[in-house]
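To keep things clear, I will list the structure first and then write my remarks on it.
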Protein chains: 2
Amino acid sequence: MQLRMTNQREIILNELRKSRQHLTADELYGRVKKFMPRISLATVYRNLETLSEAGIIAKIEISGRQKRFDYDIEAHDHIFCVQCHRVDNISLERGLISVSSLSLPPKYQITGYRVEFSGICPPCQKKNRKAKDKKIS
Amino acid sequence: MQLRMTNQREIILNELRKSRQHLTADELYGRVKKFMPRISLATVYRNLETLSEAGIIAKIEISGRQKRFDYDIEAHDHIFCVQCHRVDNISLERGLISVSSLSLPPKYQITGYRVEFSGICPPCQKKNRKAKDKKIS
DNA sequence: CTTAGTGCAAACTGTTTGCAGAGGG
DNA sequence: CCCTCTGCAAACAGTTTGCACTAAG
């Protein structure tokens, strides 16, 4: 089963890459629709799945209800905003953590690990400051 | 708004604690129904939400589609099985990772982090071995 | 008594799937 | 031409919610 570079697939990939963000399927759907108004959400889902299986993009499972997709397939970690759920990359030294950091090693056959920071993103910090100012005045 | 210790709440809490596992809402529903056949799944969801808001249990967001709930509210990390999605505790030295481990520090106001190992759990390893043996013979 | 909690069904969100037709290679 | 991909609608899984009734304190 070989991949075809259809118009919709190309636009989806382009939009994800140029966004430089970690978008959900429906965020991407919104962007892609501007170029291709008749595209269906199912097509976006199917392509994101296909592209991530092919290793062209990465599917990331982060706290929150929706899956997000990453244009960057290098191993790296993420930080997400607890308020708006935006996700950004962080570069945490790989190798800092290893199986040997585990006391009480589980009898699992380890395949990997993920580190996920949480916090408040700059835009939300700004929003909070404004809201607070309003309250006071 | 104060908490009442209802019968259903007590059984849910008991079952989660005595399981020593990280159960999903419907796994717990199945267990609780044995004692209280007319309980509704919505009640289980509501109570898990309430109990975790009250800090009596912990809600954990791990890879996979369903949320799981943890009887242990101490800060600790998890490992999950990529095959059966079972979740277990791991003890990773807290303090190993800190904001200062981040090169290129994001401008986030950091609130925490989670580490999630993945692997194949002992029962699944066993299952795999059996399946393989069958194939060969 | 008061008001938090319950059971039920219906709504909702995010995602997947069956199908008939379109279009890439 | 073949077979992957598409749009559409319907199905699905997990979770939440409105409502009238129940029961904890």
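Small disclaimer: the values here were computed from a predicted structure and weren't measured. Lettering follows sequence order; numbering is per chain, from 1.
- Using a 4.0 Å cut-off, some side-chain N or O of A:Tyr45 falls inside it from OP1 or OP2 of C:dT15.
- Ionic pairing of B:Arg114 and B:Glu61 is not present here: no N-O contact between side-chain nitrogen and carboxylate oxygen is shorter than 4.0 angstrom.
- Take the nearest nucleotide of DNA chain D for B:Leu41 and for B:Asn7: the residue whose nucleotide is more 5' is B:Leu41.
- Between C:dT6 and B:Asn47, a contact under 4.0 Å exists linking OP1 or OP2 to a side-chain N or O.
- Whole-Å rounding puts the A:Met36 CE to D:dT6 P distance at 9 Å.
- Nucleotides of DNA chain C nearest to A:Arg46 and B:Arg46 differ in position, and the one nearer the 5' end is that of B:Arg46.
- Residue B:Ser40 has its side chain nearest to C:dG7 when only C:dT17, D:dT15, C:dG7 are considered.
- Checked against C:dG25, C:dT6, C:dT16, the side chain of B:Thr6 finds its nearest nucleotide in C:dT6.
- Of the residues in residues 8-28 of chain B, none lies under 4.0 Å from DNA chain D by heavy-atom distance.
- Residue B:Glu10 holds its CD atom at 11.5 Å from CD of B:Glu15, rounded to the nearest 0.5 Å.
- Sequence order on DNA chain C of the closest nucleotides to A:Met5 and A:Ala42 puts A:Ala42 first from the 5' end.
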> Can A:His22 and A:Asp72 be said to form a side chain to side chain donor-acceptor pair (under 3.5 Å), step by step?
Replying inline: CA-CA 9 Å; A:His22 303 74; A:Asp72 181 0; over 6 Å; no
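- Atom P of nucleotide D:dT17 and atom CG of B:Leu48 are separated by 15 Å, given to the nearest angstrom.
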Every protein N/O lying under 3.5 Å from an N/O of nucleotides 20-22 of chain C:
none

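- Counted by atom type alone, A:Asp77 and B:Tyr113 present zero donor-acceptor pairs between their side chains at under 3.5 Å.
- A side-chain donor-acceptor contact under 3.5 Å links B:His76 and B:Asp70.
- Look at B:Lys59 and B:Glu49 and you find a salt bridge, because one of the NZ, NE, NH1 or NH2 atoms lies within 4.0 Å of a carboxylate O, short of that distance.
- With values rounded to the nearest 0.5 angstrom, B:Ile57 atom CD1 is found 5.0 Å from B:Leu48 atom CG.
- B:Asp88 and B:Gln21 form no side-chain donor-acceptor contact under 3.5 Å, judged by distance and modelled atom types alone.
- The distance from atom OH of A:Tyr29 to atom P of D:dT6 is 14 Å, rounded to the nearest whole Å.
- Non-hydrogen atoms lying under 4.0 Å from DNA chain D are contributed by B:Gln66, B:Lys67, all within residues 66-73 of chain B.
- Residues A:Ile39 and A:Ile12 are in side-chain contact: their nearest non-hydrogen atoms beyond the backbone lie under 4.5 Å apart.
- Ring pair B:Phe80/B:His85 is parallel by interplanar angle, where below 30° counts as parallel and above 60° as perpendicular.
- The nucleotide whose nearest atom lies closest to any side-chain atom of B:Thr43 is, among D:dG25, D:dC5, C:dT6, C:dT6.
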